There are 4 protein chains.
Amino acid sequence: MINIDARSSTPIYEQIVIGIKELILKNILSPGDKLPSVREMASTLTTNPNTVSKAYAELERMRIIETLRGKGTFVSAAFTPKIEDEKIQSLQDDLKKIILDAHYMGIDYDKLADLLKQSYIELSGKKFLRGEQN
Amino acid sequence: MINIDARSSTPIYEQIVIGIKELILKNILSPGDKLPSVREMASTLTTNPNTVSKAYAELERMRIIETLRGKGTFVSAAFTPKIEDEKIQSLQDDLKKIILDAHYMGIDYDKLADLLKQSYIELSGKKFLRGEQN
Amino acid sequence: MINIDARSSTPIYEQIVIGIKELILKNILSPGDKLPSVREMASTLTTNPNTVSKAYAELERMRIIETLRGKGTFVSAAFTPKIEDEKIQSLQDDLKKIILDAHYMGIDYDKLADLLKQSYIELSGKKFLRGEQN
Amino acid sequence: MINIDARSSTPIYEQIVIGIKELILKNILSPGDKLPSVREMASTLTTNPNTVSKAYAELERMRIIETLRGKGTFVSAAFTPKIEDEKIQSLQDDLKKIILDAHYMGIDYDKLADLLKQSYIELSGKKFLRGEQN
DNA sequence: GTGGTCTAGACCACG
DNA sequence: GTGGTCTAGACCACC
């Protein structure tokens with residue numbers, strides 16, 4: 001279910017974090033669902049249990065998943081995010097970087113905005129585009 | 001001119017790369033303009049010359065700047081980017097990550113698209129918005 | 001009567017121990033009173049009997065409750081605690097940790113002392129505040 | 001400087017976290033001061049570098065320390081804590097547990113309040129007792 | 001069975 | 001020299 005690229009520069013544990021966030025956003029994992037055990041996921045990803053553990057720990061810190069002692073790890077009930085200005089700042093920095101990268105690949109605003117929409121659709125279907133006629 | 005945050009998790013040399021790309025996109029640096037020497041920039045940024053060197057090397061690898069033996073480093077003439085599928089893939093991965101982060105910050109598609117447009121305007125004025133009525 | 005939070009990081013058996021201590025301090029359970037059987041309590045708390053068993057064992061080790069063969073488990077007669085230096089040391093360590101946590105939450109001494117008093121009142125009414133005019 | 005009890009049930013990495021918080025509160029470590037490197041501290045504590053790393057990572061998450069790439073780890077400038085209700089709740093739970101423990105050691109409110117004050121003085125001198133005559 | 005902690009030892013990017 | 005990541009393998013508390 002989760003794709004790991006061992007050659008990527010983004011750490012494996014972070015790829016797992018991203019992968020799980022993605023599965024949740026795609027509704028493949030729903031609140032209350034049990035995640036594979038650390039060992040299980042480690043063996044399916046052919047990675048080290050510690051690495052999976054680190055990913056789970058980070059997701060738990062973000063309140064995205066929660067562990068029930070001795071029972072396993074589960075997707076949390078939908079939570080209400082609190083918007084922190086400082087995080088938004090880092091989001092804008094990321095956006096800026098993407099714009100710069102795109103520019104030097106010959107991708108202009110219209111095309112990038114399109115890529116953004118495409119990614120959204122790919123991630124969560126068209127359901128998010130409430131304000132538009134598609 | 002370039003803002004370095006020593007506490008940031010993005011490497012300093014990359015912050016320099018981003019900073020220079022940004023200056024070029026903003027037309028503060030134009031093709032043919034001379035960049036400060038490695039030592040000069042290192043001292044104005046109070047950073048290690050090796051770090052600046054690495055940034056320049058990366059920019060040169062991208063053909064964004066070029067060094068003329070004994071004369072210095074200059075912004076390259078406007079170049080025709082070739083779109084490489086593999087790079088586009090990484091761009092989409094970055095977009096995906098941003099979408100996920102935004103989602104868990106309570107930021108939906110409309111708002112994120114808005115932030116993207118804002119970042120564009122901040123970087124290069126409205127000149128890029130050719131196709132729209134603003 | 002006892003509140004169990006499966007998501008908490010404190011073990012369930014310990015939450016039970018705390019809960020029973022609390023009931024006793026609040027005089028809801030008095031010396032001589034019979035506790036529910038292990039199975040009974042396990043089913044009301046929807047937890048594992050082994051877990052309740054462990055809690056009872058710990059409470060018995062502390063002489064707070066006692067089991068009478070074939071009759072059940074009972075709250076012990078008021079006991080005369082012996083102050084053990086080593087336990088006081090661990091109490092002070094706990095206090096130290098609380099002070100540090102509080103400090104990094106922006107809570108100063110006065111406020112923390114106040115919270116302590118509040119917790120006391122909540123646990124046992126004002127009866128303990130003999131030396132003060134409240 | 002930091003005392004590690006390998007036999008304690010609180011994890012080593014957490015003892016390190018507590019120890020460093022304590023050193024800061026005692027003004028033995030001040031904002032801007034450099035912490036020993038991970039390897040250094042690991043060797044002085046005769047523990048594993050990973051364990052120290054975990055402690056540092058947690059302290060960084062709390063904004064108490066920060067790492068400068070390639071330079072080391074430093075105590076952050078004094079930060080403004082934001083009070084979160086949920087954290088206060090957990091603080092009160094901790095207080096409740098302490099009260100119960102103390103009660104079964106024969107320690108009443110007055111004595112516990114006294115221990116609290118003592119711990120404060122030990123940690124930060126009397127400077128915090130602004131509102132009292134000592 | 002579950003996750004959490006720890007060790008020993010290795011490699012890498014960064015400055 | 002700095003911290004960050006990863007592996008392999010072990011032990012433990014909890015349910």
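Note that these values count all heavy atoms, side chains included, but never hydrogens, waters or copies made by symmetry. The sequence lines fix the lettering, A, B, ..., with proteins before strands; numbering per chain opens at 1. No experiment lies behind these values; they were computed from the predicted model shown.
Residue contacts shown for A:Ser9 are absent, as no nucleic acid heavy atom lies under 4.0 Å away. Here B:Thr47 lies out of heavy-atom contact (under 4.0 Å) with every strand. Contacts of C:Ile12 with the nucleic acid, taken as non-hydrogen atoms under 4.0 Å apart, involve only primed sugar atoms and P, OP1 or OP2.
Contact between C:Gln15 and C:Asn3 at its shortest, heavy atoms only, is OE1-O, 3.9 Å. C:Ile2 approaches C:Ile20 most closely through the heavy-atom pair CD1-CG1, 3.7 Å.
B:Thr67 and B:Glu60 share a donor-acceptor pair across their side chains, judged by distance under 3.5 Å alone.
Counting atom types as modelled, A:Asn50 pairs no side-chain N or O with a base atom of E:dG3 as donor and acceptor under 3.5 Å. Side-chain N/O atoms of D:Arg39 and base N/O atoms of F:dG3 include a donor-acceptor pair closer than 3.5 Å.
At whole-Å resolution of the value, CD in A:Gln15 and P in F:dT5 are 12 Å apart. Following rounding to the nearest Å, A:Arg7 (CZ) and F:dT5 (C1') show an atom-to-atom distance of 18 Å. The CD atom of C:Glu14 sits 14 Å away from the P atom of F:dA13 (whole-angstrom rounding). Note: CD (B:Glu58) to P (E:dG15) measures 12 Å, nearest angstrom.
The phosphate of F:dG3 has neither OP1 nor OP2 within less than 4.0 Å of any side-chain N or O from D:Ser53. OP1 or OP2 of F:dG3 has not a single side-chain nitrogen or oxygen of D:Thr67 nearer than 4.0 Å. Between F:dC15 and C:Lys54, no contact under 4.0 Å exists linking OP1 or OP2 to a side-chain N or O. Proximity of D:Ser37 to the phosphate of F:dT2: a side-chain N or O atom is located under 4.0 Å from OP1 or OP2. Contact annotation: B:Tyr13 side-chain N/O to E:dC14 OP1/OP2 distance is under 4.0 Å. The side chain of D:Thr51 places no N or O atom within less than 4.0 Å of a non-bridging phosphate oxygen (OP1 or OP2) of E:dT5.
Here the side chains of B:Lys97 and B:Asp101 are in contact, with some heavy-atom distance below 4.5 Å. For the pair A:Ile65/A:Tyr56, a side-chain contact is recorded, criterion being any heavy-atom separation below 4.5 Å from C-beta on.
Across all strands shown, F:dA13 forms a Watson-Crick or G-U wobble pair, both distances under 3.5 Å, with E:dT2.
Ranking F:dC14, F:dG3, E:dG15 by closeness to the B:Asn48 side chain, first place goes to E:dG15.
When each of D:Lys71 and D:Pro11 is assigned the nucleotide of DNA chain E with its nearest heavy atom, D:Pro11 is the one assigned upstream, toward the 5' end.
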